[in-house]
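Structure first, commentary second.
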Amino acid sequence: MDIESWEEFREIDRALASFIDGIDEKNQVKKVVSHVCNAGGKKIRPVMLLLSAQLCGVGIRKCLDAGLAIELIHSASLIHDDLLDMGTMRRGIETANKKFGIGAAMLAGDFLISKSIELLSPYDKDVIAEFGRAGMQMAEGEVLDIEDMEGKPSSEEQYFDCIRKKTASLFAASTAMGAYVGKAEKETVSELRKYGEKVGIAYQIVDDLLEYTKKLEDKHSVHSSASLVEIYIGRAEPEKAQNMVEVRVRKEIGEARQILNMFEDSATRDKLLRITEYATYGMFP
Ligand code: FPP
Ligand code: MG
């Protein structure tokens, strides 16, 4: 799928480039931020925010800063995750900690989080609160992840609790924030939040599965937490375990699609359906 040709992707890409351009050359953080943000991320979350807002009747202009804030906090979380996992490679290039050192990487993450707060400051309280809560959940989920690493594999319940918080919370916040910007009814916000969460859960299961089967050659970390397939291997043959994982992914995607199908047929809904595929099945090489 050619998401890079979508207007939503291009607008986020442009906004990101202009943010980096605007950082003072004398600011030492610039090279770290530029290294991380120019690594060619898929920008799934901000595109989902823009599409959710459009689904609720609002144009890109009004939600672009919120989308950029999501992309920046996502980048910050990956920088901090690589610090914790002692990651050396991400998106096919050296991680910030490997290239610039632990301190510079940590501070670049802090810089990005702070910028995202500035970007969100003109928005309504609901938008900002949703974002803040997602950040807290991500941190909580990452703590669970670190705890799990010590004695992996963890239980299925612990696994889902962890990925719902560390990963799905930001997907859920993206779609809910889009709905809030579109001044949607409470029920609509809640449905779109649920949709985002399901995509986020499926995304992380697939990401973990690919890492387990070593199909992700553009990533390398010293530490990695238990994947769902490893948990299932405790109860079934490896092939059956992999199958069980795929069934679970299909379930989340099916439910996500069902939520979207409650909305009227439109080009925007079609894009959300396509990005649901792209973020999950589409990651298989
Ligand atoms: C990647 O997981 C990491 C996350 C999805 C979340 C990371 C969150 C934090 C470090 C908390 C920081 C919070 C804020 C608000 C900045 P992974 O290690 O399983 O995936 P990977 O293979 O991509 O590294
Ligand atoms: Mg990691």
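Numbers for residues simply follow the sequence, beginning at 1. Every number for a ligand or one of its atoms is a count from 1 in the order of the listing. Small disclaimer: the values here were computed from a predicted structure and weren't measured.
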Lys NZ or Arg CZ of Arg14 over Phe9 ring: under 6.0 Å, within 45°: no
- request: With heavy atoms of Ala139 as the reference, note each atom of ligand 1 found under 4.0 Å away.
  value: 11 (C)
- prompt: Can a salt bridge be assigned to the pair Glu197 and Arg193 using a cut-off of 4.0 Å between side-chain N and carboxylate O?
  reply: no
query: Mind checking whether Ser77 has an N or O less than 3.5 Å away from an N or O of ligand 1?
result: no
query: Judged by atom type as modelled, is there a donor-acceptor pair below 3.5 Å linking the side chain of Thr175 to the main-chain atoms of Leu192?
result: yes
- request: Find all atoms of ligand 1 within a distance of less than 4.0 Å from any non-hydrogen atom belonging to Asp85, and give their numbers and elements.
  value: 18 (O), 24 (O)
message: With a cut-off of 2.8 Å, does Asp82 put an N/O/S atom close enough to the Mg ion (ligand 2)?
response: no
- prompt: With no hydrogens and no angle check, do the side chains of Tyr195 and Thr276 hold a donor and an acceptor under 3.5 Å apart?
  reply: yes
field: Numbered atoms and elements of ligand 1 in range of Gln204, under 4.0 angstrom, heavy atoms
entry: 19 (O)
message: Distance alone, cut at 3.5 Å: any donor-acceptor contact between the side chains of Glu191 and Thr188?
response: no
- request: Could you list the atoms of ligand 1 found under 4.0 angstrom from a heavy atom of Arg90?
  value: 21 (P), 23 (O), 24 (O)
- line: Among Leu210, Asp207, Leu84, the residue with a heavy atom nearest to atom 20 (O) of ligand 1 is Asp207
field: Salt bridge Glu71-Lys115, side-chain N to carboxylate O under 4.0 Å
entry: no
- prompt: Going by distance alone, is a donor N or O of one side chain under 3.5 Å from an acceptor N or O of the other, for Asn243 and Tyr232?
  reply: no
message: For Phe263, is there any backbone N or O sitting under 3.5 Å from a side-chain donor or acceptor partner on Arg269?
response: yes
query: Considering only N, O or S atoms, which atom of Asp81 is nearest to the Mg ion (ligand 2)?
result: OD2
- prompt: In terms of atom number and element, which parts of ligand 1 are under 4.0 angstrom from non-hydrogen atoms of Gly135?
  reply: 15 (C)
Residue selection (non-hydrogen contact nearest atom 16 (C) of ligand 1) among Ile146, Leu112, Leu170, Ile113: Ile113
- prompt: In Asp85, the N, O or S atom nearest to the Mg ion (ligand 2) is which?
  reply: OD2
query: Should the pair Phe171 and Tyr203 be assigned to parallel (<30°), tilted (30 to 60°) or perpendicular (>60°) ring geometry?
result: tilted
message: With heavy-atom distances below 4.0 Å as the criterion, list the atoms of ligand 1 near Ile73.
response: 15 (C)
message: Checking the N or O distance criterion of under 3.5 Å, is ligand 1 in contact with Lys166?
response: yes
- prompt: Testing Leu83, Asp85, Ile79 for side-chain contact (heavy atoms from CB on, under 4.5 Å) with Asp81, which one passes?
  reply: Asp85
Contact atoms of ligand 1, heavy-atom distance to Glu211 under 4.0 Å: 22 (O)
Atoms in ligand 1 flagged as close to Thr167, the criterion being non-hydrogen separation under 4.0 Å: 5 (C)
